[in-house]
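Notes to accompany the following structure.
Scope of the values below: all heavy atoms of this structure, side chains included, with no hydrogens, waters or symmetry mates.
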Amino acid sequence: MRILLIHKFHYRLGGAERIYFDTARLLEAAGHEVAFFSMEHPENQETQWSRFFVERVEYGSEMSLGEKIRTASRIIWNFEVQKKLQKLIDEFRPDAAHCFNVFHQLSPSVLWTLRKNHIPTVLTLCDFKVVSPNYFLYHFEKREIWNSGSGWRCIAERCVKNSHAKSLVCAVEKWSHDLLGSYRLVNVFLAPSQFLIDKYHELGFDRDIDIVHHPVVKKDETVPLAPIPFSERANEYLYFGRFSVEKGVDTIIRAFEKLPPESRLLLVGYGPEEESLRALVKELGLERRVQFLGAVYGEELATIMRRVRAIILSSVWYENQPFVMMDSLAAGTLLVASRIGGIPDILKNGKNGLLYEPGNADDLARVIQSIPEHDYMKMIAAARETASEYTDEHYLKDILAAYKKASAKEKLK
C-alpha cells in the first residue's frame with residue numbers, strides 16, 4: 001500500500017511525533033510505501049517529500065496586527081495546504097491517508113483535499129481538539145481541568161492561553177468546522193485510550209472511535225535486564241518529561257518536602273516552568289535533595305530509570321496513553337502516577353504500579369512512603385507484562401485494519 005502520513009511537525013517534539021514516526025517506521029519495514037505532508041521547520045527530519053511542505057507558522061506576541069490576522073485565518077482554513085497537498089497527491093497517488101495532529105498550522109482543509117480525491121482517511125485523536133476549542137481540556141492560568149466543548153464559555157473564560165482573542169479564534173475554528181462537517185469527512189477515527197473515547201462521547205461526539213494503543217515494545221529489542229530489588233536501589237525518585245504546568249512537577253517537589261531528608265528527587269527534562277520549579281525548590285529549602293539533570297536520553301536515561309526506587313508521572317491534565325507511562329512500565333522500576341485521564345486504564349493500583357490523587361502532594365508523599373508495604377518485585381513483573389502487550393506487531397496489524405476499514409467506507413460514499 002501507499003500510505004500518506006500527515007502531521008504538522010516533522011521532527012521529534014513529543015508523544016504525537018513519536019507515534020507519527022513509529023507509524024512510518026513500521027509501515028516501511030513491512031514493505032509499504034510512505035509519503036509525508038507537514039510544515040517546514042529547520043529541525044525537520046530529511047525526506048524527499050519536504051518540497052511539498054507548507055510555510056512554517058509560528059504563534060507569538062511579536063507579530064504585527066496583520067500577521068496575527070493572517071495567522072488566525074490560516075488556523076481556520078489554510079489555502080496553501082490545499083494547493084501543496086494536491087500536488088503531493090497527484091505525484092504519490094496514496095491508497096490511504098493517516099492524519100495525526102493537523103490542527104492550527106495545517107487546519108482541517110487537509111480533510112477536504114483528501115475527500116476531493118476520494119482518499120480513505122484515518123485520523124488518530126491525540127487530544128480533544130475535535131470536540132473542544134481547548135484541546136487540553138485544561139485552563140493553564142487557573143491550573144484546573146476545563147471540561148467543556150462550549151465556544152462561548154471558552155471565550156468568556158479565556159480558556160486558550162488566558163486570551164480572549166486566542167479563545168475567540170479557536171471557538172470560531174470549532175464552530176466553522178462543525179458547521180462545514182469537516183470531521184465527517186474522516187472514514188475512521190482512532191484513539192490510544194478508552195478514556196479519550198468516553199470523553200469525546202461525553203462532549204457530544206457521535207462517531208465511532210476505534211481504540212489502537214501505541215506501541216512500546218519493538219520487535220528487535222533485547223531481553224531487558226533483571227530488575228533490582230527495592231532494598232538495593234538508591235533512595236532516589238525520578239521524573240522525566242516536559243517542565244510545563246499540565247505535567248504537575250510542582251506537586252512532586254512539594255511532596256518531597258514531606259518525605260525523609262535522605263530521599264532525593266531527580267528531574268530530567270526542560271520546559272517553560274523550569275525557572276519557577278527551581279524557585280520552588282529554593283523556597284522549600286530542597287536544593288540538596290532535588291537535582292535538575294537537564295535533557296537526558298537513551299541509555300543514560302535508561303540507567304537512571306533502572307536504579308531509582310520509583311518513576312513519578314505527575315500529570316494534572318487528561319493524559320491519554322503517555323509514553324512516559326509505557327516506557328516506565330517496561331523499564332523494570334515501579335511507576336507512581338496520578339489517577340487521571342487514561343492513566344488508570346492501564347496502570348492498576350497495587351498491581352502493576354501505584355496511583356495517587358492528581359495535584360495532591362500529601363497523597364503522593366503517602367503513596368511513596370507506602371512502597372515498602374507492597375510486593376515490589378511482583379508489581380514490576382506485572383508492569384513488564386503489561387508493557388509486553390503493546391508491541392510493534394499489534395500496532396501495525398491494527399492500523400492496517402483501520403486503513404482497510406477506511407477504504408471500505410470510502411467506496412460506499
Side-chain angles (χ1 to χ4, degrees), residues 1 3-7 15-16 19-20 22-23 26-27 94-103 106-137 147-151 173-215 318-322 326 341-346 389-391 393-413:
M1 293 181 72
I3 310 298
L4 172 58
L5 302 182
I6 304 177
H7 183 60
I19 190 58
Y20 166 69
D22 275 352
T23 302
L26 293 172
L27 287 170
D95 297 308
H98 189 163
C99 302
F100 296 85
N101 192 337
V102 299
F103 313 109
L106 298 181
S107 86
S109 56
V110 163
L111 304 177
W112 287 92
T113 306
L114 295 172
R115 168 48 59 83
K116 175 185 173 184
N117 290 273
H118 305 288
I119 297 171
T121 300
V122 173
L123 175 60
T124 290
L125 301 168
C126 301
D127 54 40
F128 302 95
K129 186 64 178 175
V130 172
V131 289
S132 176
N134 180 343
Y135 66 93
F136 273 117
L137 292 187
N147 199 22
S148 174
S150 168
E173 176 194 12
K174 182 180 185 301
W175 291 331
S176 298
H177 292 289
D178 283 351
L179 183 64
L180 291 170
S182 296
Y183 300 112
R184 295 199 171 275
L185 305 179
V186 175
N187 299 110
V188 174
F189 290 91
L190 304 179
S193 76
Q194 187 60 47
F195 173 84
L196 185 145
I197 295 172
D198 293 342
K199 183 60 65 175
Y200 259 68
H201 291 153
E202 178 186 318
L203 293 175
F205 191 73
D206 62 358
R207 299 283 301 281
D208 290 337
I209 305 172
D210 297 334
I211 189 165
V212 174
H213 292 294
H214 297 159
Y318 289 142
E319 292 276 12
N320 294 306
Q321 188 199 331
M326 305 310 296
I343 293 172
D345 287 356
I346 294 174
E389 299 172 10
Y390 303 93
T391 63
E393 292 87 349
H394 284 165
Y395 179 73
L396 179 63
K397 179 181 176 182
D398 287 344
I399 60 170
L400 290 175
Y403 302 158
K404 184 177 179 180
K405 182 178 179 179
S407 297
K409 286 190 172 185
E410 185 61 30
K411 288 178 182 177
L412 296 175
K413 292 183 177 179

- [ ] List the steps, then state whether side chain to side chain donor-acceptor pair (under 3.5 Å) holds for Glu410 with Asn187.
- [x] CA-CA 7 Å; Glu410 185 61 30; Asn187 299 110; 3.2 Å; yes
Task: His214 and Tyr390, any side-chain heavy atoms less than 4.5 Å apart - done: no
Open item on the list: Do Lys199 and Leu203 have side chains that approach each other closer than 4.5 Å (heavy atoms only, starting at C-beta)?
Closed with: yes
- [ ] Flag the pair Cys126 / Asn101 as yes when at least one side-chain heavy-atom distance between them is below 4.5 Å, and no otherwise.
- [x] no
Open item on the list: Just checking Tyr135: does its OH atom have more than 12 heavy atoms from other residues, nucleotides or ligands closer to it than 6.0 angstrom?
Closed with: no
Task: pair Leu111-Thr121: side-chain heavy atoms closer than 4.5 Å - done: yes
TODO: For this output row, return yes or no: ring centroids of Phe189 and Phe205 closer than 6.0 angstrom.
DONE: yes
- [ ] Write out all pairs satisfying salt bridge (charged side-chain N to carboxylate O under 4.0 Å, His left out) with one or both partners inside residues 118-127, taking only residues at least two apart or from two chains.
- [x] none
- [ ] Please state whether the rings of Phe100 and His7 are parallel, tilted or perpendicular, taking 30° and 60° as the class boundaries.
- [x] perpendicular
TODO: Indicate yes or no for a side-chain donor-acceptor contact from His201 to the backbone of Arg207 under 3.5 Å, with no hydrogens or angles considered.
DONE: yes
TODO: Please identify each residue that fulfils ring pair (Phe, Tyr, Trp, His ring centres under 6.0 Å) with Tyr403, with sequence neighbours left out.
DONE: His98
Task: Pairwise side-chain contact, Tyr395 with Thr23, heavy-atom cut-off 4.5 Å (strictly under) - done: yes
